[in-house]
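Have a look at the structure below, then the notes.
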2 protein chains.
Amino acid sequence: MKAGPDISIVGALIGDPARANMLTALAGGVAMTATELATEAGVTQQTASSHLAKLLDGGLLALRKQGRHRYFQLANEQTAAMIEGIMGLAHHAGHRRTQPGPKEPALREARVCYDHLAGERGVALFDSLIRRNALSAAADGLALTPAGEQFMCDFGVDVEAARKSRRPLCLACLDWSSRRNHLAGALGAALLQTIQDKGWARREKGTRIVRFSPPGARAFDKLVGERI
Amino acid sequence: MKAGPDISIVGALIGDPARANMLTALAGGVAMTATELATEAGVTQQTASSHLAKLLDGGLLALRKQGRHRYFQLANEQTAAMIEGIMGLAHHAGHRRTQPGPKEPALREARVCYDHLAGERGVALFDSLIRRNALSAAADGLALTPAGEQFMCDFGVDVEAARKSRRPLCLACLDWSSRRNHLAGALGAALLQTIQDKGWARREKGTRIVRFSPPGARAFDKLVGERI
DNA sequence: ACGATGCTTCGACGTTAATCGAAGCGTCGG
DNA sequence: CCGACGCTTCGATTAACGTCGAAGCATCGT
């Protein structure tokens, strides 16, 4: 008998297909109502309600009441990172939910993970920041260098506002499609927001896909492509 | 219906208590026979055999046949990192398998994660390497700097041998007890090996605990405590 | 105040899967 | 070659849980 936390409880929560669908849907970071999650998971409302209660009790979800709606979202960024991690294993083991359709390439190219950019473009952006020495390793993972602060300022990211948030500023999150790192944390969220504000890309409604416009993609490629 | 890998299969695998026990036991990186894992999980051999077949099929375990024994171990480091991640969630959510006994403090202080050092000492070592500028952020997470290479050489780690391995040299792995990073990858494994070779610590048989001797603990504290 | 909407609780049904006894198959030691 | 050991497969039992219909409770709009 081993000591330590009991992973079977969390595993069993993720193990049910309906709950897994809900978690995957919420991995985009959006908050959804119970009814939305029910249709997302393909079950009735009362079944969904039971599942959501269990996910809440297990600490995987957080609840925000608003009027007669109950908005569910992932409890924290760590939960999102763990789900991406399991996706990496499942993807590698060949357990796909859907046969490779037109959606998956778009998901691999650019998607939202909790609240930051993931997928190939997310990884490319991360690599670019490393090459610029905008990020350096710190005790808790990553830190923004002065050069990085300058870059963010030039790009239009409000670093100070991001720093004020209670979340860690920079975190590395493992990508399930590329198996490489992309930038999470408050700064990652702010970067994605800026990219959307610039009109380079926008979130596709109801999915995790981040769709780049042709000029936006060109600008993005130029940004991450140019060496310093 | 969401696209992407199906989380629920992996989740269901972890969701069974017997299988979770096996995975937790294997998180130390050691390979165990089917019978050992059966007693570890508290089930009979034939039940264990069924579970192990499922874990193999799910890609979470790797199998090494040796004579009439079948040695099971975690499929790769990514799997170990995911298990540590789930442990972090489970620990935070308060799902303990055992009431806090004498074992858990030792696990929190120093334990082996796959094949490298985790726990408070693992985190302290990681922090120390960052302070020395021995590690810096790279495209795929972490890189060893020239200063770091010198440090490793002084400490007695064969960096070249570690670099020859097919695994990534440096990886950051999230600690479930401290929720901070510690060093994984080939270099992390080599560091733990060197610490054991120096006689500073040794693995406690049958557990994940890494037990430091009093002089070893003093030397370790001095090493990670001194600022550069 | 009334109905409509969003969600939860209760109860019953059905399916899944974990479990173990017994038997079967390969491997090692003598 | 034979028994001991390690492990797997088969079959049957049992327990757990996901599922939905119906009813109940709260909240919003009018």
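Residue numbers begin at 1 in each chain, while the letters A, B, ... track the order of the sequences. Remember, predicted model here, so these are calculated numbers, not experimental data.
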### Query
Step by step, would you call B:T47 with B:S50 a side-chain hydrogen bond (donor to acceptor under 3.5 Å, both in side chains)?
CA-CA 5 Å; B:T47 306; B:S50 154; over 6 Å; no
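- Taking side-chain N and O atoms only, B:H51 has a distance below 4.0 Å to OP1 or OP2 of C:dT19.
- Between the CG atom in B:L37 and the CG atom in B:L26 there is a gap of 5.0 Å [rounded to 0.5 Å].
- For B:T47, no side-chain nitrogen or oxygen approaches OP1 or OP2 of C:dT19 to under 4.0 Å.
- Residue B:K65 is classed as having no contact, given no heavy-atom separation below 4.0 Å to the nucleic acid.
- The nearest whole Å value for the distance from the NE2 atom in B:H69 to the P atom in C:dC28 is 9 Å.
- If you check every strand for non-hydrogen atoms under 4.0 Å, B:A48 touches nothing.
- Under 4.0 Å is where a charged nitrogen must lie from a carboxylate oxygen, and between B:R208 and B:E84 at least one such pair does.
- In this structure, A:L63 places its CG atom 17 Å from P of C:dG6, rounding to the nearest Å.
- Rounded to whole Å, the distance from CG on B:N21 to P on C:dT19 is 10 Å.
- Rounded to whole angstrom, the span from the CG atom of A:L55 across to the P atom of D:dC17 amounts to 14 Å.
- Distances shown here put a side-chain N or O of A:R19 below 4.0 Å from the OP1 or OP2 atom of D:dG18.
- Counting only heavy atoms from C-beta outward, the side chains of A:R121 and A:F212 approach each other to under 4.5 Å.
- At the phosphate of C:dT8, OP1 or OP2 sits under 4.0 Å from a side-chain N or O atom of A:R70.
- Take the nearest nucleotide of DNA chain D for A:R68 and for B:E36: the residue whose nucleotide is more 5' is B:E36.
- Atom CD in B:Q45 sits about 17 Å away from atom C1' in C:dA18, given to the nearest Å.
- Listed pair B:T44 / C:dC20 meets the phosphate criterion, a side-chain N or O lying under 4.0 Å from OP1 or OP2.
- If you measure from atom CD of A:Q46 to atom C1' of C:dC13, you get 14 Å, rounded to the nearest angstrom.
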